[in-house]
Amino acid sequence: MAILYFMEVKMTSLLEKIIEKLAPHRCISCGIEDNILCEPCQMSELPGLAPLCCLCGRPSNNWHTCTLCSNRGNIEHIWAAHTYEGLVERVIHMYKFERAKAAHAPLARLMLEVLPLGDWLVVPIPTAPKRVRQRGYDQAALLAKAVASARVLPYSPSLGRLQDARQVGSNRVQRHVQSAHLFFVAKPAVVQGAKILLVDDVCTTGATLAAAAGLLKAHGAASVDAVVAAYKS
């Protein structure tokens with residue numbers, strides 16, 4: 001089974017490389033070749049998002065989890081680069097559902113713009129194995145590796161995923177129920193005492209991030225923050 005999974009992912013990756021050579025990506029805003037979203041369009045067409053609490057949407061000081069949401073605790077900040085709309089929504093959709101692997105680069109750039117300096121261990125929110133097989137890559141892992149590389153921070157896939165449950169289309173209550181049993185800590189020794197930065201593409205209710213943070217804190221993490229490409233209200 002593991003061999004079949006590995007072969008499937010490798011074949012998908014090879015197919016992507018062939019397609020990229022034959023039909024290179026173009027900026028979805030200006031049409032320039034070889035970039036899904038070029039930096040000039042990113043700078044001119046994507047205004048920054050005012051700080052808010054990504055667990056409830058209320059205005060927040062420096063992206064802190066607000067006082068009313070602190071009882072969901074365990075996560076101190078969730079930085080979000082933009083709202084889930086317009087160009088950002090299109091790029092994320094291409095990244096997640098159209099196998100546009102190269103989209104991780106502009107999304108990581110957006111995240112780095114809002115993320116302050118810190119001495120974190122960068123940990124991705126693991127994607128459901130079924131989605132990884134379909135896409136040929138783990139979208140959160142690629143984003144996390146890009147963020148870690150740009151900031152010269154350690155990277156570790158310290159979380160594992162227990163279920164293939166898909167949360168797209170689920171309401172707030174369903175997301176919290178689903179998230180409660182999604183993950184396990186794959187590397188307890190690495191997590192112990194670490195300041196962790198979780199990385200994901202989109203934050204909708206914050207249930208996934210909060211569940212992951214709670215698990216990491218229960219295994220001895222010193223603190224947990226998060227950064228996402230988009231906040232979806």
Side-chain angles (χ1 to χ4, degrees), residues 49 51-58 60-81 84 107-108 111-112 114-128 138-148 151 153-163 165-167 170 172-233:
L49 179 63
L52 50 80
C53 170
C54 288
L55 297 182
C56 68
R58 298 182 183 90
S60 168
N61 179 29
N62 193 31
W63 301 95
H64 275 286
T65 300
C66 73
T67 304
L68 291 175
C69 290
S70 60
N71 61 341
R72 290 169 63 183
N74 301 311
I75 190 160
E76 298 178 18
H77 304 83
I78 303 174
W79 290 279
Y84 186 72
L107 292 174
M111 296 161 78
L112 288 163
V114 72
L115 183 68
L117 296 177
D119 57 346
W120 294 288
L121 171 69
V122 181
V123 176
I125 293 291
T127 304
D138 183 326
Q139 80 269 5
L142 286 179
L143 291 173
K145 288 176 183 177
V147 168
R151 291 292 174 85
L153 294 170
Y155 164 86
S156 175
S158 294
L159 285 173
R161 190 161 182 137
L162 293 168
Q163 302 177 25
R166 188 181 184 191
Q167 291 193 306
S170 300
R172 183 174 290 270
V173 173
Q174 289 170 332
R175 283 174 179 266
H176 282 284
V177 172
Q178 291 167 354
S179 297
H181 305 289
L182 274 180
F183 308 114
F184 65 94
V185 174
K187 299 185 178 182
V190 175
V191 166
Q192 182 74 35
K195 297 179 180 178
I196 291 175
L197 178 69
L198 291 171
V199 175
D200 206 358
D201 51 1
V202 180
C203 175
T204 302
T205 64
T208 298
L209 292 171
L215 185 61
L216 290 166
K217 290 293 288 291
H219 280 75
S223 64
V224 182
D225 297 304
V227 64
V228 297
Y231 169 73
K232 185 177 181 181
S233 58

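Owing to the predicted nature of the structure, the values given are computational and were not obtained by experimental measurement.
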Quick one: does Arg58's side chain have a donor or acceptor within less than 3.5 Å of a partner on Leu68's backbone? no

Which pair of heavy atoms, one from Phe183 and one from Arg161, lies closest together, and at what distance? CE2-NH1, 4.2 Å

I need the minimum non-hydrogen distance between Leu49 and Ala80, along with the two atoms involved. CD2-O, 3.9 Å

Output for pair (Thr65 OG1, His77 NE2), nearest 0.5 Å, gives 8.0 Å

Nearest 0.5 Å, what's the CG-OG1 distance between Leu55 and Thr204? 12.0 Å

Please round to the nearest 0.5 Å and tell me the distance separating atom CG of Leu209 and atom SG of Cys54. 8.5 Å

Any chance you could measure Glu76, atom CD, to Lys217, atom NZ, to the nearest 0.5 Å? 6.0 Å

Between Ser158 and Val123 (side chain of the first, backbone of the second, donor and acceptor by atom type, cut-off under 3.5 Å), is there such a pair? no

Knowing that exactly one of Leu216, Asp225, Val227 qualifies, which makes a side chain to side chain contact (heavy atoms under 4.5 Å, CB included) with Leu198? Leu216

Can you name the closest pair of heavy atoms from Leu153 and Asp119 and give their distance? CD2-CA, 4.1 Å

Passing option when Leu215 is tested against Val185, Asn74, Val191 for side chain to side chain contact (heavy atoms under 4.5 Å, CB included): Val185

Below 4.5 Å, heavy atoms only, C-beta onward: do His64 and Pro51 meet side chain to side chain? no

I would like to know whether Val202 and Val228 meet side chain to side chain contact (heavy atoms under 4.5 Å, CB included); could you show each step before the answer? CA-CA 6 Å; Val202 180; Val228 297; over 6 Å; no

Where do Met111 and Val199 come nearest, in terms of heavy atoms and distance? CE-CG1, 3.5 Å

Roughly how far, to the nearest 0.5 Å, is OG of Ser233 from CG of Leu52? 9.0 Å

If you look at every heavy atom in Leu115 and Arg151, which pair is closest and at what distance? O-NH2, 2.7 Å

Please report the closest heavy-atom contact between Ala144 and Pro124, naming both atoms and the distance. CB-CB, 3.8 Å

